[in-house]
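Counting convention: from 1, in listed order, for ligands and their atoms alike.
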Amino acid sequence: MLYQRSSALFEEAYRYIPGGVNSPVRAFKSVGGVPLFMKSAKGAYLTDEDDRTYIDYINSWGPAILGHTHPEVLEAIQKQAEKGFSFGTPTELETEIAKYIVENVPNIDQVRMVSSGTEACMSAIRLARGFTGREKIIKFEGCYHGHSDSFLIQAGSGMATFGSPNSPGVTQGTAKDTLLAEYNNFEQVEDLFKNNPEQIAAIIVEPIAGNMGCILPENNFLQNLRKICDENGAILIFDEVMTGFRLAFGGAQERLNVKADLVTFGKVIGGGLPVGAFAGRNEIMNQLSPRGNVYQAGTLSGNPLAMRAGLKTLQLIKEDPDFYNKLDKTTETLDFEIGKILNEKGIRHRINRKGSMMSIFFDVTSVSNFKEVNNSNIGLFNNLFHQVLEQGIYLPPSGYETWFISSAIGYAEIDKTLEAFRNFEY
Ligand SMILES: *Cc1c(COP(=O)(O)O)cnc(C)c1O
């Protein structure tokens with residue numbers, strides 16, 4: 001059996017950890033089969049407990065943009081560890097990384113560090129509510145902003161009504177303050193503002209959506225959100241947990257040239273350690289505790305090991321002026337060549353791509369919102385997933401996820417990947 005040790009480990013894990021995993025998508029529920037247990041990673045490759053290696057297109061769901069275990073990041077963490085793991089006091093390093101981020105990301109004056117993307121988004125909407133004195137927020141179907149209560153809301157009966165929770169444990173009271181619209185549907189956003197005058201604190205959006213597969217904003221969607229927020233005194237929050245330092249150093253704000261009021265970060269900003277952050281201009285950020293009244297805190301926020309890993313990762317990216325161009329090229333090549341192979345096989349598909357994010361949808365010609373993702377042939381993706389996995393290609397274990405390309409993926413890896421796609425039988 002190919003995945004013998006992983007199977008045994010999963011069985012054991014299942015007894016002691018709910019569902020055998022510490023984050024649901026790892027469980028392979030979407031694609032079926034047993035999740036692979038990894039034991040090490042280096043550069044473009046993962047090694048599982050059965051000693052099989054894989055070219056990694058998840059990269060820890062985004063953080064490993066330099067590939068795994070980059071030697072300079074490793075050294076930075078090791079050196080920091082010798083000085084201490086955590087002090088619970090301010091450190092110079094926190095100012096160093098904050099300054100670095102403020103100087104290199106557009107439209108922000110201050111940044112607050114947290115330990116996950118979830119915390120960053122949760123804190124950003126609290127701040128937006130505190131700042132505006134309003135309670136409602138707008139989010140889009142299929143966008144993910146972490147697992148805090150306000151965001152686990154699905155469209156109930158049409159978008160003009162209140163959302164209903166889509167996880168037990170989220171209260172109706174919380175759900176009623178989260179309004180939903182379809183991604184790329186600006187008319188629905190206009191209606192929400194019309195029907196909830198002076199009540200909407202913020203719109204939160206993934207500027208390139210990556211949690212329903214990769215979906216691009218269309219028809220000036222983001223520019224229109226900017227405009228309607230300005231007209232109504234609402235805060236525009238870009239959730240750049242995925243896109244920050246991935247699409248460009250200044251994230252989607254820079255790449256798409258749209259200005260947000262608050263920006264959230266995670267993933268790449270921690271270089272593989274648990275980090276999140278949220279940032280904005282002084283006027284808003286000054287409302288945060290202890291300077292202002294909006295409370296937010298964290299025992300391990302700004303943790304020195306995490307800050308060191310994050311800062312080193314950002315510096316290594318910044319050092320190479322061609323970094324993002326090269327990532328784009330790799331991804332473009334994959335897109336183009338995989339597209340060619342699928343066309344030759346007569347498999348109808350759509351590849352969405354921006355920068356080093358991409359995903360493939362089967363049996364559809366365009367995909368611009370969550371409904372259209374649901375209309376794609378997820379079964380065919382699952383089939384593909386298992387066939388290429390056996391050949392050493394590790395795609396995200398769900399047709400609803402984005403692939404993340406790292407700078408460690410070179411031509412050898414691309415060739416091997418394309419070979420696996422050529423062998424795809426459906
Ligand atoms: C991953 C992700 C989050 C949540 O971050 P965690 O670190 O998993 O809590 C929030 N928003 C977006 C866009 C993400 O991709």
- Message: Test of understanding: given a 4.0 Å heavy-atom threshold, classify the contact between T264 and ligand 1 as side chain, backbone, both, or neither.
- Response: neither

- Task: For S116, counting its heavy atoms only, list the atoms of ligand 1 lying under 4.0 Å from any of them.
- Result: 7 (O), 9 (O)

- Check: E206 N/O within less than 3.5 Å of ligand 1 N/O: no

- Query: Is any NZ, NE, NH1 or NH2 atom of the basic residue among D177 and K136 found under 4.0 Å from an Asp or Glu carboxylate oxygen of the other?
  - Reply: no

- Item | Interfacing atoms of ligand 1 (cut-off 4.0 Å, heavy-atom, M242) | 15 (O)

- With K318 as the cation and F249 as the aromatic partner, state whether NZ or CZ is under 6.0 Å from the six-membered ring centre and within 45° of the axis. yes

- Task: Below 4.0 angstrom from a heavy atom of H145, which ligand 1 atoms are there? Numbered from 1 as shown, please.
- Result: 10 (C), 11 (N)

- Task: Dump the intermediate steps for side-chain contact (heavy atoms from CB on, under 4.5 Å) on W61 and E401, then the final yes or no.
- Result: CA-CA 9 Å; W61 302 94; E401 300 289 349; 3.5 Å; yes

- Item | Closest approach of any protein heavy atom to atom 3 (C) of ligand 1, naming residue and atom | V241 CG1, 3.7 Å

- Is the shortest distance from a Lys or Arg side-chain nitrogen in K194 or E190 to a carboxylate oxygen in the other one below 4.0 Å? no

- For atom 4 (C) of ligand 1, which protein heavy atom lies nearest, and how many Å away is it? T118 N, 3.7 Å

- Are any of the side-chain nitrogens in R281 or D261 under 4.0 Å away from the carboxylate oxygens of its partner? yes

- Taking only non-hydrogen atoms of D239 and a 4.0 Å limit, the atoms of ligand 1 in range are 10 (C), 11 (N), 12 (C), 13 (C)

- Task: Give a yes or no on whether E231 atom CD has more than 12 heavy-atom contacts from other residues, nucleotides or ligands under 6.0 Å away.
- Result: yes

- Query: Between Q296 and R112, do the side chains contain an N or O donor and an N or O acceptor separated by less than 3.5 Å?
  - Reply: yes

- Test item, K267 contacting ligand 1 (heavy atom, 4.0 angstrom): yes

- Looking at G117, which atoms of ligand 1 are within less than 4.0 Å of one of its heavy atoms? 4 (C), 5 (O), 6 (P), 7 (O), 9 (O)

- Task: Report yes if N211 has an N/O atom closer than 3.5 Å to an N/O atom of ligand 1; otherwise report no.
- Result: yes

- Task: May I ask you to check whether Y400 and F361 place their ring centers less than 6.0 Å from one another?
- Result: no

